[in-house]
Amino acid sequence: MNTNPYKHYFPIFTKHPDLVYLDSSASSLKPQVVLDKMNEYYTEYGVNIHRGVYSLSYQATEAYEAARGNIASFIGAKAHEVVFTGNATESLNMIATMLGRNLTSKDAVLTTQLEHHSSLLPWQRMIHEKGIRLDYVPLTASGRITVENVKSAITSETKILAITYVSNVLGYITPLKEIIQFAHEHNILVVVDAAQAIAHLPIDVKDLDCDFLAFSGHKMFGPTGVGVLYGKESLLKTCSPVEVGGDMNDDVDLYEMVVRPIPYRFEAGTPMIAEVLGLSQAVDFIRSITYPAIMAHEKELLTYLHDKLKGIPHLTIYNSTADIAILSFNFNGIHPHDAATLFDTRHIALRAGYHCSQLVARFFHCYGSLRASFHIYNTKDDIDQLICAIKETLEFFKSYLED
Ligand SMILES: Cc1ncc(COP(=O)(O)O)c(C=O)c1O
């Protein structure tokens with residue numbers, strides 16, 4: 001019997017009633033209200049924004065800008081501090097490119113081994129392009145970022161700290177507020193990757209005092225194809241856009257242009273209108289469910305999961321103290337891709353490999369891991385099925401297992 005009070009919001013389970021979806025860290029499922037909102041735009045006022053001098057275009061523009069205001073207030077920002085992008089990756093590349101213009105070979109960027117490649121690689125590229133030094137915060141033995149370790153890694157050359165709020169492999173929450181405060185005392189700008197965090201925790205950018213923060217819509221019940229770059233107003237105003245084109249300028253002559261105010265100067269071309277509206281609806285959906293309810297549900301699942309895992313041999317669990325509901329594990333002696341094969345036949349969707357965070361696997365000296373990640377639609381029955389599949393996998397590979 002399904003006693004989960006949230007599952008019915010997600011139409012995918014009507015089509016796939018047996019689905020055990022354990023890949024929410026890659027992308028969450030979408031509630032019907034988000035799909036309806038996008039459909040409403042396309043069927044009722046699906047025209048371009050900011051350009052048309054007719055009622056439908058005004059209606060679409062108003063809906064788009066209202067969505068910006070709604071998403072901004074959700075993270076405690078002002079509307080013009082929210083730039084819409086295609087995803088967190090684009091947001092993080094955009095801010096690295098803009099800030100990177102001012103970096104020189106005398107500068108260092110501090111980051112961590114927990115970063116997703118989209119938070120790491122835009123800065124790594126600057127080693128070669130700008131001659132910067134890339135420094136890493138030492139992690140604890142279990143792979144956590146601590147305030148003390150960040151403090152110890154800051155040098156007089158550190159100009160930027162690029163850091164994840166929640167690890168997509170280990171589910172650890174970074175103690176960001178104290179880290180940001182310390183970074184600011186040393187005139188370091190802080191760029192936060194909140195792609196995982198936003199799906200699980202309330203975020204208030206003013207309270208955190210981060211300088212820039214990025215996330216995607218699709219991990220927080222919204223559609224694919226939309227992301228956000230938040231930037232402090234005073235800082236965004238000093239940035240010039242990466243992309244140029246339509247709708248981002250106020251005046252163009254033969255050799256110059258005048259860029260529009262923030263955030264429009266960063267949104268060249270026709271934006272993803274339906275997706276922005278869908279994301280705004282996803283924000284309302286989270287408000288209605290509430291973050292405390294999401295966190296309580298995850299905690300209950302996580303406790304149940306770890307209880308069920310007790311005593312199962314031949315497993316390495318990398319994050320038994322995870323703060324959000326993610327399990328990263330391996331069958332000892334079995335490559336995660338080989339181990340993953342059985343799960344799909346049991347309708348269990350989980351992920352195997354590096355999870356776009358290869359430095360985490362390097363840290364643990366493994367070839368990646370299996371990752372089961374949970375959200376509000378998951379049930380204890382899903383966990384029972386996962387445990388059953390783990391036991392079947394152990395049986396299947398029994399002659400290859402190591403201790
Ligand atoms: C922590 C983290 N940062 C960034 C990203 C990149 O998000 P996207 O692929 O939506 O750009 C992800 C996606 O898995 C992530 O988990």
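Numbering of ligands and ligand atoms starts at 1, following listing order.
- A ring pair (Phe, Tyr, Trp, His ring centres under 6.0 Å) with Phe285 is found for exactly one of Tyr291, Phe74, Phe221, namely Phe221.
- With sequence neighbours left out, the ring pair (Phe, Tyr, Trp, His ring centres under 6.0 Å) criterion links Phe364 to Tyr318.
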Output block, N or O contacts of ligand 1, threshold 3.5 Å exclusive:
residue	atom	partner	partner atom	Å
ligand 1	3 (N)	Asp193	OD1	3.1
ligand 1	3 (N)	Asp193	OD2	2.5
ligand 1	10 (O)	Ser216	OG	2.5
ligand 1	10 (O)	His218	NE2	2.6
ligand 1	11 (O)	Ala88	N	3.4
ligand 1	11 (O)	Thr89	N	2.9
ligand 1	11 (O)	Thr89	OG1	2.5
ligand 1	14 (O)	His116	NE2	3.4
ligand 1	14 (O)	Lys219	NZ	2.5
ligand 1	16 (O)	Gln196	NE2	2.7

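- Ring to ring, Tyr64 and His50 are close: their centroids are under 6.0 angstrom apart.
- Under 4.0 Å is where a charged nitrogen must lie from a carboxylate oxygen, and between Lys206 and Asp209 no such pair does.
- Note on residues 166-208: pairs passing ring-ring contact (aromatic ring centres under 6.0 Å, His included), not counting sequence neighbours, are Phe182-His186, His200-His375.
- Annotation: ring-ring contact (aromatic ring centres under 6.0 Å, His included) contacts involving residues 91-139, sequence neighbours excluded, are absent.
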